[in-house]
Amino acid sequence: MRVAVVHDWLTGMRGGERVLEGILELYPDAELFTLVHAQGSVTARIEDRPIHTSFLQRLPRSRTHWRYYLPFFPAAIERLDLHGYDLVLSSSHCVAKSVRPPQGALHVSYCHTPMRYVWDQYDAYFGPGRASLPVRMAMRMLAPRLRAWDRRTASRVHAFVANSRNVAGRIRRAYGRAADVVYPPVDVARFQPAALREDFHLLVSALVPYKRVDLAIAAFRDAGRELVIVGAGPEYARLRRDAPSNVRFTGSLTDAEVAALMARCRSFVQPGEEDFGIASVEAQAAGAPVVAYGAGGALETVNDLDAAGGAPPTGVLFRSLDAASLNAAIERAEKTTFDTEGLVANARRFAPERFRAGLTHAIERAWAGKQHEVPCTSPR
């Protein structure tokens, strides 16, 4: 069986690329298709595969400024040639799910979220203060077309698999489709809690608008606590320029360096709504309690201090996106003694073997369902 794995772009190691590694482990002979590949930006486990790129790869500065080519994403993904493949697995948070599968092939889409730029996070990227006036005006015309295309091409997917119940709900609202839920693989075994925790808080994130790193900076400016921010992205310069002296930026770090910080930090801060939130699960595996906005994936990965009964608490959820609410949650976390064993045990719920078993089962179900379908051609 020939397997094609389709991923939006390969320009850095974030949560989606961790999932991609898990998918590739299931299919050692699979070939990889993507819009743009920046050589050296992802791990050898990914780059050792045959990688096929779209025509965007040949356009100026596409490896660093691929987001500027958003209007061309539909044409680029549809022109990827998958003829001869029996199984297509798309790892999608933008347009990968809209690839054209060959006639007779099965297409299973592991969906991190429907295209956030035009659905739930449109204002975070293109609202006032987030984009220039010409870009906002252009997106007012482009976004409805992208939404319509995104919804229409969902019919190219035989089965959706969501990374959380949160995202399964978005898939239902955007595409009118049900989705199995298979949580992402988190390599919990590589984390080890330190004997003593230090007096700093940690945020590990891509520096993009919807992550709400600006909210964390505002909260720590008011409180004077130390915050270490790990990550890179288009918001880096603006965020660093506006940050007070008690907020320190490290840029991108190695996996080992991040694990060491998670093992020592007082808490891990997740200020925005996450689709799932791999980094917060990694922090729990390292024994760090999580202070997170109480929406999205955090409701499935963090056991809130205020939850009645059940599993031991692993963090504090705040319910309002403002600095005062975040600071109040951090204060509660600082005054609470969390059980390290409970934190680690909660993280183990998302170990890689569970991901592999869940995705394998979902693909088997999709094959069984496809055998009873009436053949049809992919829609234009």
Side-chain angles (χ1 to χ4, degrees), residues 14-15 18 183-184 186-188 190-207 211-220 223 225-231 239 246-250 252-305 311-318 321 323 325-350:
R14 293 174 284 270
R18 300 296 183 192
Y183 289 122
V186 182
D187 188 6
V188 295
R190 69 183 180 88
F191 295 91
Q192 183 66 42
L196 294 174
R197 307 207 76 82
E198 300 176 17
D199 195 19
F200 70 92
H201 300 264
L202 179 66
L203 192 161
V204 180
S205 174
L207 303 183
K211 297 288 188 176
R212 293 310 312 270
V213 178
D214 58 334
L215 175 61
I217 291 172
F220 278 78
R225 301 178 177 90
E226 183 180 358
L227 175 65
V228 176
I229 297 176
V230 178
L239 292 169
N246 58 306
V247 174
R248 178 165 63 91
F249 288 78
T250 69
S252 298
L253 297 178
T254 66
D255 287 350
E257 289 169 330
V258 172
L261 288 171
M262 287 180 170
R264 307 192 326 266
C265 68
R266 193 162 184 179
S267 80
F268 182 87
V269 181
Q270 183 176 286
E273 180 178 342
E274 291 286 341
D275 307 326
F276 172 77
I278 287 179
S280 69
V281 176
E282 292 176 335
Q284 292 172 72
V290 176
V291 176
Y293 178 50
L299 299 177
E300 301 172 56
T301 61
V302 180
N303 299 329
D304 187 20
L305 185 63
T314 63
V316 180
L317 301 181
F318 64 98
L321 281 171
S325 296
L326 175 50
N327 270 325
I330 292 171
E331 288 176 8
R332 292 197 65 200
E334 289 179 337
K335 294 175 182 178
T336 302
T337 300
F338 291 90
D339 176 50
T340 300
E341 291 184 2
L343 285 157
V344 175
N346 187 54
R348 288 196 187 113
R349 296 193 293 126
F350 310 100

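This structure is a prediction, so every number in the text was calculated from the model and none was measured. By convention here, the first residue in the shown sequence is residue 1.
- Annotation for Tyr293 and Phe318: closest pair N-CE2, 3.2 Å, computed over non-hydrogen atoms.
- When all heavy atoms of Val281 and Ala347 are compared, the closest pair comes out as O-CB, 3.6 Å.
- Taking each heavy atom of Phe220 and Asn246 in turn, the nearest pair found is O-ND2, 2.9 Å.
- A salt bridge is defined here as a Lys NZ or Arg NE, NH1 or NH2 lying under 4.0 Å from an Asp or Glu carboxylate O, and Arg225 with Glu331 meets this definition.
- Comment: Arg190 engages Glu282 in a salt bridge, judged by a side-chain N to carboxylate O separation of less than 4.0 angstrom.
- Rounding to the nearest 0.5 Å places CD of Glu226 at 11.0 Å from SG of Cys265.
- A donor-acceptor contact shorter than 3.5 Å is absent between the side chain of Gln270 and the backbone of Ala279.
- Classification of the Phe276-Tyr183 ring pair by plane angle, with boundaries at 30° and 60°, yields tilted.
- Checking side-chain atoms of Arg197 against main-chain N and O of Ala263 turns up a donor-acceptor pair under 3.5 Å.
- Using a 4.5 Å heavy-atom threshold, the side chains of Leu299 and Leu317 count as touching.
- Taking each heavy atom of Val302 and Val290 in turn, the nearest pair found is CG2-CG1, 4.0 Å.
- Thr340 and Pro193 make their closest contact through CG2-CG, 3.8 Å (heavy atoms, listed as atom of the first residue, atom of the second, distance).
- When atom types are taken as modelled, the side chain of Asn303 and the backbone of Thr314 share no donor-acceptor pair closer than 3.5 angstrom.
- Taken from CG in Leu261 to CZ in Phe200, the straight-line distance is 5.0 Å, to the nearest 0.5 Å.
- Of all heavy-atom pairs between Leu305 and Pro313, the closest is CA-CB, 3.8 Å.
- With hydrogens and angles disregarded, no donor-acceptor distance shorter than 3.5 Å links the side chain of Asp275 to the backbone of Gly296.
- With a 4.5 Å cut-off on side-chain heavy atoms, Ile217 and Ile229 count as touching.
- By the 4.5 Å heavy-atom criterion applied to side chains, Leu253 and Val204 are not counted as neighbours.
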